[in-house]
Amino acid sequence: DQVDGTGMYLFPGLVDAHVHLREPGQEEKEEIRSGARAAVRGGFTSILVMANTQPVIDSRALVEYVRLAGERAGKARVYPVAAVTKGMAGKEITEMVDLKDGGAVAFSDDGKGIQSAETFRLALEYAKLTGCPVISHCEDDSLAGAGVMRKGEHCARLGLKGIPASAESVMVARDALLAGETGGRLHIAHVSTKESVQVIRMAKKAGVDLTAEVNPHHLLLADEDVPLTDTSYKVNPPLPSRADQEALLEGLLDGTIDMLATDHAPHTWEEKARPFAEAPFGINGLETALAAVWQELVAKGKLTPEKLVELWAVNPARRFGLTGGTLAEGSPADLVLFDPARRERVTAETRESKSHNTPFLGRELQGFPVMVWVGGKLVVKDRKVLD
Ligand code: NCD
Ligand code: ZN
Ligand code: ZN
């Protein structure tokens, strides 16, 4: 078969290092199958899936369950991340070496951040033995408190409880120092403040083995854009200030930030229909993130297509040691045929994800993958995921 790619880009399969599928336990929000389908429709041929399911992914059997369910779905390659502590309770460290052999590619206590420095230090020591990075969500509970959006003028106007920027950046500093001391590998999830970028830049200069990611919604949406009536903007960490956004983009361009990642966090309408203060945190990202970044950053000349591929394919694949697909040599490739002219309105009906909690719902975006191959097999054709 011949494919006419006139005017299009052929990318290596994109790798998303931060995805929440909700299986096991909350399949009404997302299943491994629906999530793996949403991933390829969004251009991602490999995804790292987080451990905050119910039950938490903290045993070899559960890691294998996630991996097998991913294989059965037969769409994006699904790489499990296992919990750092048993049940993500923040106390007892899981047996990381065993989990590595069961298929985990990284360790995380996502959605929480490990509050005890002693426990996080231990986690880095153990992770060092496996060669896998520990992913830190960097949130200080005592500073975040009951906050629901970034602390500042807009937050005060809306009458909501704020989360200060320091709730993130003091934990980034702590975790970077612990990584430096232990020699453990650290990956910092969803960086959203300018102070975090400064700390990461310093830590890298000092030789700490750390990488960091930024999520498209933090680059493209700011706290002042948050409407009190739309909880699809409610996310952790909260949407930052414009000054933070400038620092994040600068960090991406100068190599301080290593990768883009969606932090795909599906939630049901029912939950998101609660008042802003009570709705769950999280933005659904797999099917809109690439188009949004393309339209707002690449098409406007702020990010080159080459840099995009480095940030969303090469760097995450390298960091998490993913040898299949994107970086594979001598085996069938993972590829994405991307049409920069393709315009589409984001609607609930056309999506593969089971949830639709995205600020882009109802909006038109430009720049979508039209065909996708995983391991040489065609999985998306003319924007449709094949069965
Ligand atoms: C994530 C979720 O819903 O699992 N929510 C979010 O707002 N990002 C958890 C997380 O990554 O912190
Ligand atoms: Zn988080
Ligand atoms: Zn997350």
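As the structure is a computational prediction, the values presented were derived from the model and not from experiment. Because only heavy atoms are used, hydrogens play no part in the values below, and waters and symmetry mates are left out as well, while side chains stay in. Both ligands and their constituent atoms are indexed starting at 1 by order of listing.
Side-chain N or O atoms of S169 include one that pairs as donor or acceptor with a backbone N or O of A165 at under 3.5 Å.
Salt bridge K272/E270: absent, no basic N to carboxylate O contact under 4.0 Å. Of the charged side-chain nitrogens involved, none lies within less than 4.0 Å of a carboxylate oxygen, so that E28 and R22 do not count as a salt-bridged pair. A salt bridge links E181 with R121: at least one charged nitrogen is closer than 4.0 Å to a carboxylate oxygen.
With the Zn ion (ligand 3) as the vertex, OD1 (D263) and NE2 (H18) define an angle of 80°, rounded to 10°.
With R22, K234, E139, H20 as candidates, the residue nearest to atom 11 (O) of ligand 1 on a non-hydrogen basis is H20. Taking each of I283, D263, N284 in turn, the one with a heavy atom nearest to atom 8 (N) of ligand 1 proves to be D263.
With sequence neighbours left out, the salt bridge (Lys or Arg N to Asp or Glu O under 4.0 Å) criterion links E246 to no other residue. Remark: D225 engages R242 in a salt bridge (Lys or Arg N to Asp or Glu O under 4.0 Å) (not counting sequence neighbours).
The aromatic rings of H356 and W269 lie tilted to each other, with the angle between the two planes from 30° to 60°.
Put simply, H20 gets within reach of the Zn ion (ligand 3), with an N, O or S atom under 2.8 Å from it. Here D110 does not reach the Zn ion (ligand 3): none of its N/O/S atoms is less than 2.8 Å from the metal.
Between M50 and ligand 1 there is no heavy-atom distance shorter than 4.0 Å.
Those atoms of ligand 1 that come under 4.0 Å of a heavy atom in H18, given as number and element, are 11 (O). Residue-ligand proximity, V235 to ligand 1, at heavy-atom distances under 4.0 Å covers atoms 7 (O). Within the listing of ligand 1, atoms 3 (O) sit less than 4.0 angstrom from a heavy atom of H267.
Using a 4.0 Å cut-off between heavy atoms, D110 makes no contact with ligand 1 at all.
Ligand 1 has an N or O atom lying under 3.5 Å from an N or O atom of G282, backbone or side chain.
A donor-acceptor pair shorter than 3.5 Å can be found between the side chains of H187 and E213.
Nearest to the Zn ion (ligand 2), among the N, O or S atoms that H190 has, is NE2. In H137, the N, O or S atom that comes nearest to the Zn ion (ligand 2) is ND1.
By the 4.5 Å heavy-atom criterion applied to side chains, N284 and H267 are not counted as neighbours.
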